[in-house]
Number of protein chains: 2
Amino acid sequence: MTIRPDFGTSAVIAPDLSGIVQAIHASARCAGSFADEETIRRALSALQRGPIHFHRDKVIACEGEAADYIFVVVSGVVRSCKTYQNGSRGVVAFYLPGDLFGWDDAKCSLSIEAATDVMVLFLKRRALLSLAARDSRIGSYLLAQTTKELGRTQQHSLLMGQCAKSRVATFLTDLWTRLGKPASVDLPMLHQDIADYLGLTIETLSRTITSFEQSGMLKRQSYRKLVLRKPALLSQLID
Amino acid sequence: MTIRPDFGTSAVIAPDLSGIVQAIHASARCAGSFADEETIRRALSALQRGPIHFHRDKVIACEGEAADYIFVVVSGVVRSCKTYQNGSRGVVAFYLPGDLFGWDDAKCSLSIEAATDVMVLFLKRRALLSLAARDSRIGSYLLAQTTKELGRTQQHSLLMGQCAKSRVATFLTDLWTRLGKPASVDLPMLHQDIADYLGLTIETLSRTITSFEQSGMLKRQSYRKLVLRKPALLSQLID
DNA sequence: CGGCAATTTGAAGGCAGTCAATTAAAGTGG
DNA sequence: CCACTTTAATTGACTGCCTTCAAATTGCCG
């Protein structure tokens, strides 16, 4: 069992629920909640299932399936995507360690799949919702999380209207930023996943990265390892 | 003051808050709520402002502006969009009468603008959130509404990865369906808005509609009035 | 009827896609 | 540890869809 390289130090952010519990506790700004941090932890643990391990490309939740669970990524990368009859595919989002997702109703017809080998935690949806009804801190947290994801998705739909260079530059700088601006960026997912996420072919993705390298903006250390030499120049391509 | 043609009968769905109040009441499935329907109505009315009228292309809320309000469309169509330095524009979503929106945090940098002459109701964001903390029915409603919008936005980002014919066919059939499948479809917004929403130019949009007309799938009655003759064929173009 | 705005149509060019071949990297077994 | 196989990524040549720029047409409103 080989765990693929993942998002550096952030990979171990959420080995359990403690990150979420603290986030809920921190986001509580409203009166009326009647549970302390320990209570939240115990309540969440009670409706937790897993974490469960999935190999790359395994389907975690099928499209159209009854959406009984909310997911938390413990390690690795998860993709939310749709495969069409002609074999092409669109990737809506990637989820990294610590991300809570799976709010889309069942009708949304998106498939949740492992983009790398991953560990995923399951939370019973109905139980979580009824918990949110009793403790407004959890409700606020869920709303804030969903709003954040809505914002990201809006940005992504805007990105899809741009040219290839802008899309790739945005993806690389976003990823680099999320990783804490390390010296070198390890792409945790396949180029095919990135291309489907950006609405491009792997050939165009590859050629675009090559053009960035020829401009001196970045350097390839290997297929999946890049060094961003001039991030400022890359950012100028965005918009 | 000329009110432009809008979404037929649905234009008068929400002249006030009654639609939302009922939706909140209906979506209540959790214990712990301590307000009846009349209480909700009064609470919402208290933090309501407007409705206010905006002419087409007027900015309702500027990008980056402190997001103090949540919006409800009373009549007309609102667009959520971003204008780039080079003058191009991307439209993330259209909001129709009855839609509640404006959840995106301030940082999201989207501009809320009138796509037609519109009437918009304002709700104080903080007051609504604290109300949601006290009454879980309102919290659930807000979460459900945000989730619904997230799903729509995901579908839209997928759409942007498709070819022009699929995008236009999807837009037309979706609109036709939302309008209750009437005999003829009145496009309430300009072609430029639709093109920016679909990530196309107005020329490509026009040419695509022309090709649909030549295939006998639809017929133009005027620039903004279409008759979908073979909706099934149009749907086949969607993937 | 006249003038402006919106849409349609036409012709030419560019960016990204497709198909095919090569190279690099990772996994496998001797 | 190295040869072999398989998978992933790069590169090249060509095609096609969509854009761009320009002109004509339609529709709206005074």
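All chains are named by letter (A, B, ...) in the order of the sequence lines, taking the proteins before the strands, and each is independently numbered beginning at 1.
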query = With sugar-phosphate meaning primed atoms plus P, OP1 and OP2, does A:Leu200 contact a base, only sugar-phosphate, or nothing at under 4.0 Å between heavy atoms?
reply = sugar-phosphate
message = Once you apply a heavy-atom cut-off of 4.0 Å, does A:Arg220 come out as touching a base, just sugar-phosphate, or nothing?
response = sugar-phosphate
Here the distance between atom P of C:dA5 and atom CG of B:Asp193, to the nearest Å, is 17 Å
Worksheet item: Are A:Asp68 and A:Arg125 ion-paired here, with the side-chain N under 4.0 Å from a carboxylate O?
Response: no
>> I want to check one thing: is the phosphate of C:dG17, taken as OP1 and OP2, less than 4.0 Å away from some side-chain N or O of A:Thr201?
In response: yes
Closest to the 5' end of DNA chain C, once A:Gln221 and A:Leu205 are matched to their nearest nucleotides, is A:Leu205
Please determine if A:Asp117 and A:Lys58 form a salt bridge, counting it only when a charged side-chain N lies under 4.0 Å from a carboxylate O. no
### Task
Would you indicate, yes or no, if D:dT10 has its OP1 or OP2 atom less than 4.0 angstrom from a side-chain nitrogen or oxygen of A:Arg224?
no
A:Ile194 atom CD1 is separated from D:dA9 atom C1', nearest whole Å, by 11 Å
Looking at D:dC18, I'd like to know if its phosphate oxygens (OP1 or OP2) sit under 4.0 Å from a side-chain N or O belonging to B:Thr204. no
A:Met160 CE to C:dA16 P, in whole Å, measures 13 Å
Between CD1 of A:Ile209 and P of C:dA24 the distance, given in whole Å, is 17 Å
Side-chain N or O of A:Ser222 versus OP1/OP2 of C:dA25: is the shortest distance under 4.0 Å? no
Whole-Å distance, B:His191 NE2 to C:dA5 P, equals 18 Å
Salt bridge between B:Asp57 and B:Arg79, side-chain N to carboxylate O under 4.0 Å? yes
Out of C:dT7, D:dT10, C:dA16, minimum distance to the side chain of A:Ala164 belongs to C:dA16
Between B:Asp99 (side chain only) and B:Leu96 (backbone N and O only), is there a donor and an acceptor less than 3.5 Å apart? yes
Closer than 4.0 Å, any side-chain N/O of A:Thr210 to the OP1 or OP2 of D:dT10? no
Rounded to whole Å, the CD-C1' distance (A:Glu213 to D:dT10) equals 11 Å
A:Gln192 CD to D:dA9 C1', in whole Å, measures 11 Å
Taking for A:Glu203 and for A:Cys163 the nucleotide of DNA chain C with the nearest heavy atom, the one nearer the 5' end belongs to A:Cys163
Would you indicate whether A:Arg49, at its atom CZ, is surrounded by more than 12 heavy atoms from other residues, nucleotides or ligands within a distance under 6.0 Å? no
Here the distance between atom C1' of D:dT11 and atom OH of A:Tyr223, to the nearest Å, is 11 Å
Report task. Respond yes when some side-chain nitrogen or oxygen of A:Arg207 is under 4.0 Å from OP1 or OP2 of C:dT18, and no when none is. Result -> no
